[in-house]
Amino acid sequence: MLQRKAVLANVHILPDEHALGPLARLFLYSSYRSMPDTVSSITQDSYALTPGVIWRQSYSDVHKQWCSEASLDNFAREHSLFNFYRPFLPEKHAFCVKSNQRLSAPSVRVVRYTNTWRYCSECAKEDIETHGFPYFHVAHQLPGTTFCHEHGTLLRSGCLACGSDWQKLGILLAPPSNDICDNCCSAIEIVEQFRDDDVKWIQHMSYRLLHGDYKHLTLTQLQSAYRQWLGIGPRQGVLNIKERSIVQDAQHHIDNAFDPRFYRLFITNTDERPDKKRSVALSLYQAAFSEGKLISPIIHLMLIRVMFGELSNIPKI
C-alpha cells in the first residue's frame with residue numbers, strides 16, 4: 001500500500017497568495033529533490049507552474065488541502081486570477097472552476113508579463129516582518145501589471161545577468177528577500193518603467209476586476225457594445241464591404257490611440273510603424289464578432305479605453 005507523505009504543519013496559504021505558493025514552500029522546506037515528488041500526495045498537476053493559467057487541477061487540490069473551509073469560488077477569487085478573466089470568458093469557459101477544467105491564459109507570448117512571476121520589494125519586506133518569509137501575491141501576477149497597487153512601487157522580475165528563468169516556480173520557489181538573484185547574486189531587474197495615464201488606467205482596472213468590481217459585466221454585453229459603437233448590428237454571415245471599411249477605420253484609430261510606448265509595454269510583437277497594424281492580437285474584429293474566442297482582458301481593456309473611456313460607460317444590453 002502506497003504511504004502518503006505527511007504535509008508539513010508550518011506550510012499554509014497566506015492572504016492574497018497565489019494558489020501555487022504553498023506547493024513551492026512545501027518543496028522548499030522538504031528534503032525531496034524534485035517538486036513533483038514533494039507534492040505528489042497533494043496533486044499530480046505539478047508541471048509548468050507559471051502564473052499564466054486561469055484554472056487548473058492543482059488549484060483545486062491546494063484548496064482541498066489548505067483552504068477547504070472556504071468555498072471553492074471564494075478561494076478562486078482570492079488565490080487565482082479567475083476573477084480578472086471572468087467577464088471576458090466565452091460561455092463554454094465560464095464554469096471552468098466548477099467543472100475543474102484546465103484553462104490557460106490566451107496570448108501568453110504576446111501579452112507581456114503573463115507567464116512571468118513578479119513581486120514587490122516593499123511587500124516582500126512586510127511579508128518577512130509578518131510571516132517570516134516573502135511570497136508571490138496574486139495581484140502582482142496580473143498580465144501587463146508592472147507596479148504594486150499597495151505601495152506604488154515598480155515590480156521586479158528576472159535577472160539579465162544570468163538569464164534566470166522567472167517562469168518556473170519550481171526553481172524560484174519564493175521572491176528573494178534582498179532583491180538579489182539566487183543564481184548569480186546580481187540585482188533582480190525592475191520591470192518596464194513607462195507609465196502614462198492610460199497605462200495606469202488599465203492596470204488599475206485590472207486590479208479592480210481581480211477584486212470583484214464589475215462582476216456583472218459579460219462578454220455578450222461587451223460584444224454588443226462594441227458592435228453598437230461601430231454601428232454594426234449582429235453579424236449575419238461575413239461583413240459586407242461597407243462594414244469591413246468601418247471596422248478597418250476603427251482598427252486604425254485603435255492602433256494609434258495610445259503612446260507607442262504603451263503598446264510596447266503590453267504587447268511583445270508590436271509593429272512600430274503608425275501605418276501598420278500594431279499587433280495581430282489587437283484585433284477589433286475578433287473582439288467584437290468572435291463569440292467563442294478567448295481574448296486577453298488586456299486587449300478588451302484597450303478597446304474599452306478607446307471606445308467608452310471607462311468600464312462604467314459600457315452600455316447595457
Side-chain angles (χ1 to χ4, degrees), residues 2-85 96-97 100-105 108 113-120 123-124 127-128 130-143 155-158 164-177 182-183 210:
L2 181 65
Q3 186 176 2
R4 292 174 62 87
K5 295 186 285 289
V7 175
L8 298 175
N10 61 337
V11 174
H12 51 277
I13 198 160
L14 299 167
D16 187 44
E17 182 175 22
H18 193 281
L20 296 175
L23 298 180
R25 207 153 47 251
L26 186 63
F27 179 38
L28 177 65
Y29 294 158
S30 76
S31 59
Y32 292 92
R33 293 187 176 183
S34 75
M35 172 78 83
D37 284 346
T38 305
V39 304
S40 61
S41 63
I42 298 170
T43 184
Q44 298 299 311
D45 178 26
S46 56
Y47 60 92
L49 300 182
T50 68
V53 180
I54 300 171
W55 195 256
R56 59 189 297 171
Q57 177 65 49
S58 55
Y59 295 175
S60 296
D61 293 336
V62 168
H63 167 259
K64 187 183 301 182
Q65 176 67 45
W66 282 291
C67 207
S68 58
E69 70 281 358
S71 71
L72 186 58
D73 286 342
N74 287 337
F75 175 84
R77 283 194 289 270
E78 184 175 355
H79 298 290
S80 79
L81 297 177
F82 175 74
N83 241 25
F84 168 66
Y85 285 98
C96 63
V97 173
N100 210 23
Q101 167 195 357
R102 180 184 172 87
L103 185 58
S104 295
V108 293
Y113 307 119
T114 297
N115 254 4
T116 53
W117 293 94
R118 283 147 287 148
Y119 74 97
C120 164
C123 284
D127 293 342
I128 292 170
T130 305
H131 304 288
F133 48 83
Y135 59 92
F136 287 111
H137 292 246
V138 172
H140 299 157
Q141 316 315 319
L142 284 163
L155 303 179
R156 292 180 180 270
S157 180
S164 178
D165 187 351
W166 274 63
Q167 293 187 18
K168 298 177 181 177
L169 186 61
I171 295 175
L172 291 171
L173 301 181
S177 57
D182 292 334
N183 189 49
L210 179 68

For the residue pair [X] and [Y], what are the closest heavy atoms and their distance?
X      : Y      : answer
Ser80  : Val138 : O-CG1, 3.5 Å
Ile128 : Ser177 : CD1-CB, 3.5 Å
Pro22  : Val11  : O-CG1, 3.6 Å
Asn115 : Pro51  : O-CD, 3.3 Å
Ile54  : Ser104 : CD1-O, 3.9 Å
Pro143 : Tyr85  : CG-OH, 3.3 Å

- Evaluate side-chain contact (heavy atoms from CB on, under 4.5 Å) for Arg156 paired with Arg118, printing each intermediate quantity in order. CA-CA 6 Å; Arg156 292 180 180 270; Arg118 283 147 287 148; over 6 Å; no

Decide yes or no for [X] and [Y]: does some side-chain heavy atom of the first lie under 4.5 Å from some side-chain heavy atom of the second?
X      : Y      : result
Gln57  : Asn100 : yes
Trp66  : Ile42  : yes
Tyr113 : Ser157 : no
Arg102 : Trp55  : no
Cys123 : His137 : yes
Val62  : Thr43  : no
Phe136 : His140 : no
Glu17  : Arg25  : yes

[X]-[Y] side chain donor-acceptor pair, cut-off 3.5 Å:
X     : Y     : result
His79 : Asp16 : no
Ser34 : Asp37 : yes
Asp61 : Gln65 : no

- Message: Less than 6.0 angstrom from the centroid, inside 45 degrees of the normal: does Arg56 satisfy that with respect to the ring of Tyr47?
- Response: yes

Donor-acceptor contact below 3.5 Å, side chain [X] vs main chain [Y]:
X      : Y      : result
Gln101 : Val97  : no
His63  : Ala70  : yes
Asp127 : Pro134 : no

- Trp166 and Tyr119 aromatic ring geometry - parallel, tilted or perpendicular at 30°/60° bounds: parallel

- Message: Please verify the inter-ring angle class for Tyr135 with His131; under 30° counts as parallel, over 60° as perpendicular, anything in between as tilted.
- Response: perpendicular

- CA sep, side-chain torsions, deciding dist, call: Val53, Leu103, side-chain contact (heavy atoms from CB on, under 4.5 Å): CA-CA 6 Å; Val53 180; Leu103 185 58; 5.9 Å; no

For the [atom1] atom of [X] and the [atom2] atom of [Y], what is their distance to the nearest 0.5 Å?
X      : Y      : atom1 : atom2 : result
Ile171 : Phe27  : CD1   : CZ    : 9.5 Å
Phe75  : Ser68  : CZ    : OG    : 10.5 Å
Leu28  : Leu172 : CG    : CG    : 11.5 Å
Leu142 : Leu210 : CG    : CG    : 5.0 Å
Leu20  : Thr50  : CG    : OG1   : 8.0 Å
Trp117 : Leu173 : CH2   : CG    : 11.0 Å

- Item | side-chain contact (heavy atoms from CB on, under 4.5 Å) assessment of Gln141 paired with Phe84 | CA-CA 11 Å; Gln141 316 315 319; Phe84 168 66; over 6 Å; no

